[in-house]
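In what follows, a single structure is set out as structure tokens and then discussed.
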Protein chains: 2
Amino acid sequence: MTSTERSPVRPTRQRRAVATALAGFDDFRSAQEIHDLISRQGDSVGLATVYRTLSALADAGEVDMLRNEDGEAIWRSCSDTHHHHLVCRTCGATVEVEGPAVERWTGSIAAEHGYADISHTLEIFGTCPACR
Amino acid sequence: MTSTERSPVRPTRQRRAVATALAGFDDFRSAQEIHDLISRQGDSVGLATVYRTLSALADAGEVDMLRNEDGEAIWRSCSDTHHHHLVCRTCGATVEVEGPAVERWTGSIAAEHGYADISHTLEIFGTCPACR
DNA sequence: GACAAGTTGACAATGGTTCTCAAGGACGGT
DNA sequence: ACCGTCCTTGAGAACCATTGTCAACTTGTC
Ligand SMILES: [Zn+2]
Ligand SMILES: [Zn+2]
Ligand SMILES: [Zn+2]
Ligand SMILES: [Zn+2]
């Protein structure tokens with residue numbers, strides 16, 4: 001059960017730095033890359049804090065986290081509605097895409113086989129026009 | 001460049017053991033679990049060899065490798081036609097699913113944005129009836 | 001059997017991610 | 001401003017899946 005009281009989230013220098021760094025990217029980046037950008041901007045935030053903040057933002061639905069082919073987590077600030085990604089495998093350029101039909105399809109497939117608590121991952125990789 | 005000569009693949013006791021272990025599962029398992037099953041069956045194969053063999057089989061398209069929500073690689077021998085998976089996140093029970101409409105959708109989305117050389121990943125996770 | 005080349009396994013190394021815990025900061029009440 | 005409480009942070013250790021190392025061992029071939 002989720003308790004009704006949420007622990008307050010305090011606006012700290014560190015959390016602001018992570019949010020700013022995220023805004024500086026429009027493609028998916030690893031926690032390390034985000035940490036590096038923060039450092040390069042003169043700020044100093046512990047790597048563990050970067051991970052904590054990214055996880056919290058992901059839980060809150062304010063950033064998307066997915067895994068690259070090596071299983072590493074990569075992150076990107078996204079619109080807050082459910083969507084998927086069309087990602088250039090050369091330069092990382094990302095397009096958010098929606099597919100109501102796909103959402104319906106995954107749900108019905110799962111129901112058909114009696115699975116509950118459904119989640120799904122769907123990513124499309126390709127080469128963007130600029131990288132052709 | 002891929003050379004035209006392929007290095008010969010020798011049928012060894014270890015590779016047979018991995019294949020047998022794979023056949024003993026009908027769901028996705030980690031390399032560690034596969035290694036454990038081999039041990040339990042009395043055979044002895046180094047973990048590194050399990051990884052090497054699984055990777056080779058995946059490259060050859062004889063097993064599917066995907067990543068669970070923690071980013072760990074999990075493996076399963078699969079049919080050789082293009083399909084996706086509905087996976088129980090508790091016990092790993094897997095259903096292969098096909099969705100021609102989804103295949104069409106990903107293709108058209110990609111074309112619409114000028115992306116070429118399209119590939120995609122789509123996995124559905126949930127809790128199976130037995131694990132409810 | 002002898003040779004060249006592929007294969008193995010114990011172990012070390014790698015590297016992303018999480019954990020630990022003492023020190024620091026935010027906030028409400030006074 | 002001062003306190004007390006609870007949240008937050010960071011340096012480093014710990015974790016752990018995966019990969020690299022390399023000498024010993026197989027396998028296929030002649
Ligand atoms: Zn591109
Ligand atoms: Zn979706
Ligand atoms: Zn199950
Ligand atoms: Zn598909």
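Convention: sequence-line order gives letters A, B, ...; per-chain numbering from 1.
Between Gln14(B) and the phosphate of dT7(C), there is no side-chain N or O to OP1/OP2 separation shorter than 4.0 Å. Side-chain N/O atoms of Thr12(A) include none lying less than 4.0 angstrom from OP1 or OP2 on dT8(D). Applying the 4.0 Å criterion to OP1 and OP2 of dC7(D), one finds that Arg15(A) has every side-chain N and O outside that range.
Remark on the helix from dG1(C)-dC30(D) to dT30(C)-dA1(D): inter-end axis angle 30°, axes from five-pair C1' superpositions, rounded to 10°.
Atom CE in Met65(B) sits about 15 Å away from atom P in dA17(D), given to the nearest Å. Straight-line distance from the CG atom of Asp70(B) to the P atom of dT17(C): 11 Å, rounded to whole Å. Whole-Å rounding puts the Arg10(B) CZ to dT7(C) P distance at 6 Å. Atom NE2 in His35(B) sits roughly 14 Å away from atom C1' in dA17(D) (whole-Å rounding). Between the P atom of dC16(D) and the CG atom of Asn68(B) lies a distance of 15 Å, rounded to the nearest Å. Summarising the geometry, the separation between CG on Leu66(A) and P on dG16(C) is reported as 17 Å, rounded to the nearest angstrom. Note: CD (Glu69(A)) to P (dG16(C)) measures 17 Å, nearest angstrom.
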For this session: Any chance you could lay out the side-chain contact (heavy atoms from CB on, under 4.5 Å) test for Ile124(B) and Val95(B), step after step, and finish with the verdict?
Result: CA-CA 10 Å; Ile124(B) 313 174; Val95(B) 181; over 6 Å; no

For this session: Start with the C-alpha gap between Phe28(A) and Val63(A), add the side-chain angles, then the distance that decides, and say whether side-chain contact (heavy atoms from CB on, under 4.5 Å) holds.
Result: CA-CA 10 Å; Phe28(A) 281 89; Val63(A) 306; over 6 Å; no

For this session: Walk me through it: do Arg13(A) and Asp43(A) pass the test salt bridge (charged side-chain N to carboxylate O under 4.0 Å, His left out)?
Result: CA-CA 9 Å; Arg13(A) 171 181 67 77; Asp43(A) 252 318; 3.5 Å; yes

Each nucleotide N or O in nucleotides 18-25 of chain D that has a protein N or O under 3.5 Å away: list the pair and distance.
unit_1: dT18(D); atom_1: OP1; unit_2: Ala73(B); atom_2: N; d: 2.8
unit_1: dT18(D); atom_1: OP2; unit_2: Tyr51(B); atom_2: OH; d: 2.5
unit_1: dT18(D); atom_1: O5'; unit_2: Tyr51(B); atom_2: OH; d: 3.4

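In this model, a donor atom of one side chain and an acceptor atom of the other lie less than 3.5 Å apart for Glu96(A) and Ser79(A). Between the side chains of Glu123(B) and His84(B), not a single donor N or O lies within less than 3.5 Å of an accepting N or O.
In this structure, Ile34(B) and Phe25(B) have side chains that are in contact, with non-hydrogen atoms separated by less than 4.5 Å. Two residues are said to be in side-chain contact when any heavy atoms from C-beta on lie closer than 4.5 Å; Phe125(A) and His120(B) fail this criterion.
Side chain of His35(A) to backbone of Val45(A): a donor-acceptor contact under 3.5 angstrom is found.
None of Arg29(A), Met65(A), His85(A) except one satisfies the side-chain contact (heavy atoms from CB on, under 4.5 Å) rule with Arg76(A); the exception is His85(A).
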